[in-house]
S.K.: 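The structure that follows is given in the form of structure tokens.
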2 protein chains.
Amino acid sequence: MADDLDPIFKALSDSTRRQILDYLKGHPRLTGEIVNQFPEMSRFAVMKHVDVLREVGLVVTRTNGRERINSLNAVPIRLIYERWLHPFSDYWATALLGIKQVSETELPTDPTTLKEP
Amino acid sequence: MADDLDPIFKALSDSTRRQILDYLKGHPRLTGEIVNQFPEMSRFAVMKHVDVLREVGLVVTRTNGRERINSLNAVPIRLIYERWLHPFSDYWATALLGIKQVSETELPTDPTTLKEP
DNA sequence: TTTTTATGTTACCTTTTAGTTACATAATAA
DNA sequence: TTATTATGTAACTAAAAGGTAACATAAAAA
């Protein structure tokens with residue numbers, strides 16, 4: 001019953017994993033660097049979170065000697081957006097205007113113009 | 001540790017709940033109508049999913065006699081998009097171009113232009 | 001060579017989640 | 001009034017998720 005977006009949604013549903021993805025913005029990080037971002041959590045717990053992200057392709061890891069360099073791959077996030085989130089933009093627009101139903105001909109709202117209502 | 005987006009992400013992490021939200025697009029539905037969409041699942045299981053959606057504000061319910069009319073509220077989805085997903089659009093763009101890092105001065109990509117790459 | 005360090009693995013525990021059956025209530029229809 | 005039906009609640013189970021401590025390995029540094 002679970003569609004192919006499901007593993008990505010599941011991976012994103014944990015706050016620690018979202019923080020890891022935030023941390024990987026900008027540049028790749030060693031596994032140990034990621035671990036050190038979460039001093040209140042065991043190393044293994046953090047590594048398992050990274051594993052989950054790697055399994056769904058949100059993190060790509062390459063090995064260099066004994067180091068493992070983890071980088072962000074945001075393409076699955078884009079997939080979530082395009083295939084599931086974006087179609088709802090029609091409906092969040094109507095909510096703001098107090099309109100109940102959406103005309104079929106209405107164009108999708110440009111989300112960049114809605115930053116601060 | 002969990003931010004305020006966390007309950008929304010958690011609510012969206014279940015495939016059945018996402019299907020319910022999809023079903024509520026267009027027009028509101030009675031609780032029983034939602035239940036009938038999932039004949040392989042018990043009525044109570046579906047109702048609990050609706051409860052979860054209602055708790056995070058993704059579904060709004062009003063009572064009319066013994067009927068309960070449930071409608072979609074996409075504003076929390078918008079919040080997820082603006083506060084968490086959209087900032088990653090810089091990075092999925094670079095992935096497509098094979099570029100490793102993003103310039104600080106680059107403007108956010110307009111997601112509406114990325115519908116069909 | 002010996003030690004350090006970056007990373008991986010095994011085994012286990014606890015809480016949460018998703019699901020079930022069975023029972024209860026209250027508004028409408030017959 | 002009686003029966004039906006739309007919805008809600010109680011109590012429980014099974015599996016998945018998130019976490020820990022302890023042990024293992026292999027590359028690099030001393």
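None of these values were measured; they are calculated from a predicted model. Chain letters run A, B, ... following the sequence lines, proteins first, then strands; residues in each count from 1.
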S.K.: How would you label the contact of B:Ser42 with the nucleic acid (heavy atoms, under 4.0 Å): base, sugar-phosphate, or nothing?
M.R.: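 The residue B:Ser42 makes base contact.
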
S.K.: How does each nucleotide of nucleotides 25-30 of chain D score, in 5' to 3' order, for protein heavy atoms under 4.0 Å: base (B), sugar-phosphate only (S), or none (-)?
M.R.: --BS--

S.K.: To the side chain of B:Asp14, which of C:dT7, C:dT17, C:dA18 is closest?
M.R.: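 Selected nucleotide (nearest to the side chain): C:dA18.
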
S.K.: When you group the ILVMFWY residues by side-chain heavy-atom contacts below 4.5 Å and let the links chain together, are B:Leu5 and B:Tyr81 in the same group?
M.R.: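 Yes, it is one cluster - the side chains of B:Tyr81 and B:Leu5 are joined through contacts under 4.5 Å.
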
S.K.: Whole angstroms only, please: what is the CZ-C1' distance between A:Arg62 and C:dT7?
M.R.: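 For the pair A:Arg62 CZ and C:dT7 C1', the rounded distance is 16 Å.
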
S.K.: Once you round it to whole Å, what is the distance between C1' of C:dT7 and CD1 of A:Ile34?
M.R.: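 That distance rounds to 12 Å.
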
S.K.: Just by distance, with hydrogens left out, do A:Asn70 and A:Arg54 show a side-chain donor and acceptor under 3.5 Å apart?
M.R.: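 Short answer, yes.
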
S.K.: B:Met47 near the nucleic acid: base, sugar-phosphate alone, or nothing, with a heavy-atom cut-off under 4.0 Å?
M.R.: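 Since a base atom lies under 4.0 Å of B:Met47, the category is base.
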
S.K.: The side chain of A:Met41 lies closest to which of these nucleotides: D:dG19, D:dA22, D:dG8?
M.R.: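 Looking only at side-chain atoms, A:Met41 lies closest to D:dG19.
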
S.K.: Given atom CZ of A:Arg29 and atom P of C:dA6, what is their separation to the nearest angstrom?
M.R.: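 Going from A:Arg29 (CZ) to C:dA6 (P), I get 15 Å.
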
S.K.: Check the distance between C:dT28's C1' and B:Glu67's CD and give it to me in whole angstrom.
M.R.: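 So the two atoms are 10 Å apart, to the nearest Å.
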
S.K.: Cation-pi check for B:Phe88 against A:Lys25: NZ or CZ below 6.0 Å from the six-membered ring centre and within 45 degrees of the axis, yes or no?
M.R.: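 The answer is yes, since A:Lys25 meets both limits relative to B:Phe88.
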
S.K.: Rounded to whole Å, how long is the line connecting atom CZ of A:Phe9 with atom C1' of C:dA18?
M.R.: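 Going from A:Phe9 (CZ) to C:dA18 (C1'), I get 18 Å.
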
S.K.: Nearest whole Å is fine: how far is D:dC23 C1' from A:Phe44 CZ?
M.R.: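 The distance from CZ of A:Phe44 to C1' of D:dC23 comes to 12 Å, rounded to the nearest Å.
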
S.K.: Distance criterion of 3.5 Å, no angle test: do you see the side chain of A:Arg68 paired donor-to-acceptor with the base of C:dG8?
M.R.: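 Not at all, since no donor on one side and acceptor on the other fall under 3.5 Å apart.
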
S.K.: Could you tell me the separation between the NZ atom of A:Lys48 and the P atom of C:dC12, rounded to a whole number of Å?
M.R.: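 It is 14 Å, rounded to the nearest whole Å.
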
S.K.: So, is B:His49 close to the C:dG19 phosphate, meaning a side-chain N or O under 4.0 Å from OP1 or OP2?
M.R.: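 So the side-chain polar atoms of B:His49 do come within 4.0 Å of the phosphate oxygens OP1 or OP2 of C:dG19, strictly under.
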
S.K.: What nucleotide among C:dG19, D:dT20, D:dT7 has an atom nearest to a side-chain atom of B:Ala45?
M.R.: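 The answer is C:dG19.
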
S.K.: Rounded off to whole Å, could you give me the CZ-to-C1' distance for the A:Phe38 and D:dT20 pair?
M.R.: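 Taking atom C1' of D:dT20 as the reference, CZ of A:Phe38 is at 17 Å.
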
